[in-house]
Amino acid sequence: MAENDFHLEEKLTAWHIGIALGALFLGTWFGPLQVLQHVGIDLYGKLAPGIKSYYQGLTLHGVLNALVYTTFFIVGFLTFTTVHSLNEKLRHPWLNILGFVLMAVGLVITAVPLLLNKASVLYTFYPPLQANVFFYIGLTLIVVGSWVEGFGLYYTLARWRVVHPGERTPFIAFGSVLTMVMWQIASLGLAAEVLVLLIPWSLGWVQGTDPLLARTLFWFTGHPIVYFWLLPAYVSWYGMLPKQAGGKVFSDPLARLAFWLFLVLSIPVGLHHQFADPGIAPTWKALHTLLTYAVTFPSLITAFTVIASLELGGRARGGTGLFGWIGKLPWSDPSFSAQALAMVTFVFGGIGGIINASYNVDLLVHNTLWIVGHFHLTLATTVVLSFIGISYWLIPKLSGRELWSVRTARVQVWLWIIGVVPFSLSHHLLGLRFAMPRRTMLGDAPYLSAEWNPLLVLAAVGGVLLWASVLLYFVIVLGTVFAARKLERPVEMPVAEAVRSPEDTPAWLDAWKPWLIVSLILIVLSYGPPLADLIRNANLSSRGLQLW
Ligand code: HAS
Ligand code: CU
């Protein structure tokens with residue numbers, strides 16, 4: 001079949017990714033300033049003039065990296081993957097354009113109070129910390145814009161299904177659309193929190209708010225958001241990376257099963273962020289612990305299936321023996337090595353996650369630097385390094401230019417790993433051994449102990465190396481877009497074949513209704529009673545605080 005012309009779709013993707021990378025650049029700027037502050041080196045005045053406090057910087061770091069970079073990159077990437085995988089142009093491009101405009105306007109509206117120090121509430125914006133209302137309005141627009149773009153993708157898939165009755169949805173499009181569906185259900189909690197509680201409170205229409213209810217609605221979205229970040233990487237690990245490694249998808253049914261399990265299990269686990277919150281009965285926390293263990297299962301399936309798929313590639317490239325195939329993988333391709341190293345990192349991030357999920361064990365590490373170590377393995381490496389790997393073929397594809405320097409890209413990837421290992425290890429240890437608090441301007445803390453110093457220095461070294469890696473990444477991106485040679489051969493999205501034809505995959509693994517029903521039932525069972533209780537006893541008495 002002839003490839004469609006995806007000029008509009010690719011332009012739209014490029015805009016999303018351009019904004020995402022702008023956010024990443026500004027957001028990561030604060031990372032090294034934070035770790036250096038922790039060892040008493042204060043560079044804010046020199047490198048971030050105009051920033052009023054550590055906490056304003058930390059808010060920018062979290063919001064720009066964890067919320068803005070991710071959402072823009074993901075929506076752009078999923079648009080690209082859906083249309084290319086289906087070989088179907090956007091059914092209603094105006095919907096996707098409208099969604100993008102909403103997201104972009106939302107970003108500007110959020111950015112103003114952030115930069116004016118009127119929204120230094122950290123990226124979880126827990127009340128009673130209170131931001132200027134435009135911060136909440138802007139974030140809402142970003143989320144609503146992503147929903148609108150999601151609908152644009154559903155119409156496109158629906159159209160494909162009409163033209164291809166009875167055929168299995170191509171895996172990449174399937175995973176992409178499922179990610180959007182999961183996100184839309186998951187983000188209802190955030191929508192309720194912001195629209196019902198925070199905006200009226202920030203406008204002064206109500207005097208107080210209920211922090212516990214707000215936190216519970218927040219984490220209804222806040223946990224599954226981590227899978228909204230992870231699943232696009234999984235789309236690439238399952239659907240593309242085997243091709244890049246010269247292998248095949250080991251099992252199409254297992255790949256789809258993993259995605260369905262994420263749809264069903266991502267949401268009813270959010271209370272694992274609230275083990276320490278009073279006012280929620282332990283029964284519900286224990287249930288969420290069990291369901292959290294369940295949601296690790298699709299990641300274990302992924303570990304098995306993706307490694308098997310890569311093994312097929314390594315063996316096809318001449319690898320032999322139990323481990324000999326690993327060395328034969330295309331490690332010199334930075335797009336591959338970034339994603340393979342992201343996977344290895346996820347083994348450790350995943351183990352940490354299971355520790356956190358264990359109700360009583362979490363009480364030891366909750367709100368300490370351990371958690372910062374955890375999410376710099378999962379989000380800041382597994383996900384971000386995967387996205388970087390993807391961008392090493394996607395940006396050449398979108399710009400029509402060759403990757404500016406493959407050798408620099410290889411260095412960038414390894415430098416990231418060399419930075420994140422000491423960074424993350426030291427944060428885990430500081431949290432576990434000394435219960436050092438997270439989100440704290442430690443350099444000025446009167447209780448700082450000399451015993452903590454060696455690990456804090458290690459963290460700072462890791463943080464600075466990570467920064468160097470990010471800066472190198474931006475040199476490569478800018479070099480590619482503005483200075484590289486025009487592509488001689490067009491770049492294509494890598495699409496891995498499956499060992500057995502997807503048409504052999506059972507039909508129940510390509511049917512939405514049963515999975516959506518189970519997903520809703522589990523949400524009602526796990527969140528219905530505790531939320532009903534919190535709403536019945538809602539106490540709108542906390543006044544807003546602006547601390548910094
Ligand atoms: Fe988490 C806190 C539990 C995964 C992100 N997490 C956070 C926070 C963030 C975050 C940002 O239960 C902090 C939130 C805040 O600011 O307060 N997390 C888990 C669990 C998992 C998990 C059970 N987290 C993630 C992912 C994230 C992320 C993914 C971002 C993308 N997390 C928690 C809990 C807390 C928490 C508690 C709250 C703690 C507290 O006290 O506040 C699981 O999904 C992990 C399952 C993963 C695995 C690993 C499978 C391995 C694979 C790789 C295989 C490939 C190989 C490579 C081996 C079981 C798939 C082979 C390669 C070759 C080349 C051969
Ligand atoms: Cu979580």
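Values below: every heavy atom of this structure, side chains too, minus hydrogens, waters and symmetry copies.
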Listing, residues 362-372 side-chain donor-acceptor contacts under 3.5 Å, not counting sequence neighbours, or none:
unit_1	atom_1	unit_2	atom_2	d
Thr368	OG1	Val365	O	2.7
Thr368	OG1	Trp370	N	3.1
Trp370	NE1	Asn356	OD1	2.8

Practice item. Please work out which of the three classes, parallel, tilted or perpendicular, describes the rings of Phe125 and Tyr136, given edges at 30° and 60°. Key: perpendicular

**Study point:** side-chain contact (heavy atoms from CB on, under 4.5 Å) involving Val108 - partner list, sequence neighbours excluded
**Key:** none

**Study point:** Neighbour count >12 (heavy atoms, 6.0 Å) for atom CZ, Phe134
**Key:** no

Practice item. Flag the pair His288 / Tyr527 as yes when their ring centroid distance falls below 6.0 Å, and as no otherwise. Key: yes

Exercise for review: Apply side-chain contact (heavy atoms from CB on, under 4.5 Å) to Val226 and list each qualifying residue two or more places apart in sequence or on a separate chain.
Suggested key: His223, Trp229

Review point. Is it true that a side-chain atom of Ser358 and a backbone atom of Ile354 form a donor plus acceptor pair closer than 3.5 Å?
Key: yes

Point to revise | Residues Thr381 and Trp416: side-chain donor-acceptor under 3.5 angstrom | key: yes

Exercise for review: List in chain and number order the residues that pass side-chain contact (heavy atoms from CB on, under 4.5 Å) with Leu116, two or more places apart in sequence or in another chain; answer none if no residue qualifies.
Suggested key: Val112, Lys118

Check your understanding: Rounded to the nearest 0.5 Å, what separation is found between the OG1 atom of Thr408 and the CD1 atom of Ile476?
Key -> 5.5 Å

Check your understanding: Side chain of Ser391, backbone of Leu394: donor and acceptor closer than 3.5 Å?
Key -> no

Review point. Could you give the distance from NE2 (His272) to CH2 (Trp219), rounded to the nearest 0.5 Å?
Key: 7.5 Å

Practice item. Can you label the angle between the Trp237 ring and the Phe346 ring as parallel, tilted or perpendicular, going by 30° and 60°? Key: perpendicular

Point to revise | Polar side-chain atom of Ser335 near backbone of Ile390 as donor-acceptor pair, under 3.5 Å | key: no

Check your understanding: Is atom CH2 of Trp15 surrounded by more than 12 heavy atoms (other residues, nucleotides or ligands) closer than 6.0 Å?
Key -> no

Check your understanding: Quick one: does Gln207's side chain have a donor or acceptor within less than 3.5 Å of a partner on Arg543's backbone?
Key -> no

Review point. Counting distance only, does the side-chain N/O of Thr382 pair as donor-acceptor with the main-chain N or O of Leu377 below 3.5 Å?
Key: yes

Practice item. Start with the C-alpha gap between Leu465 and Phe423, add the side-chain angles, then the distance that decides, and say whether side chain to side chain contact (heavy atoms under 4.5 Å, CB included) holds. Key: CA-CA 9 Å; Leu465 289 173; Phe423 179 90; over 6 Å; no

Check your understanding: Is a donor on one side and an acceptor on the other found under 3.5 Å between the side chain of Thr440 and the backbone of Arg438?
Key -> yes

Review point. What salt bridge (Lys or Arg N to Asp or Glu O under 4.0 Å) pairs are there with at least one residue in residues 202-227, not counting sequence neighbours?
Key: Arg215-Asp277

Practice item. Please indicate whether Phe348 has more than 12 foreign heavy atoms, meaning atoms of other residues, nucleotides or ligands, lying under 6.0 Å from its CZ. Key: no

Practice item. Only counting residues at least two apart or in another chain, list the ones meeting side-chain contact (heavy atoms from CB on, under 4.5 Å) with Ser426. Key: Leu455, Leu458, Ala459

Point to revise | Donor-acceptor contact below 3.5 Å, side chain Thr70 vs main chain Leu67 | key: yes

Check your understanding: Hey, what do you get for CH2 (Trp548) to NZ (Lys52), rounding to the nearest 0.5 Å?
Key -> 15.5 Å

Check your understanding: Given Ser399 and Phe482, is the side chain to side chain contact (heavy atoms under 4.5 Å, CB included) satisfied, shown in steps?
Key -> CA-CA 9 Å; Ser399 64; Phe482 295 109; over 6 Å; no

Practice item. Would you please classify the geometry between the His427 ring and the His38 ring as parallel, tilted or perpendicular, with 30° and 60° separating the classes? Key: tilted

Check your understanding: Is His61 reaching over with its side chain to a backbone N or O of Gly57, donor-acceptor style, under 3.5 angstrom?
Key -> no

Review point. Are the aromatic rings of Tyr234 and Tyr227 close, with centres under 6.0 Å apart?
Key: no

Point to revise | Side-chain donor or acceptor of Ser202 paired with backbone N/O of Leu198 under 3.5 Å | key: no

Exercise for review: Say whether, by atom type as modelled, one donor and one acceptor occur between the side chain of Gln56 and the main chain of Leu114 under 3.5 angstrom.
Suggested key: yes

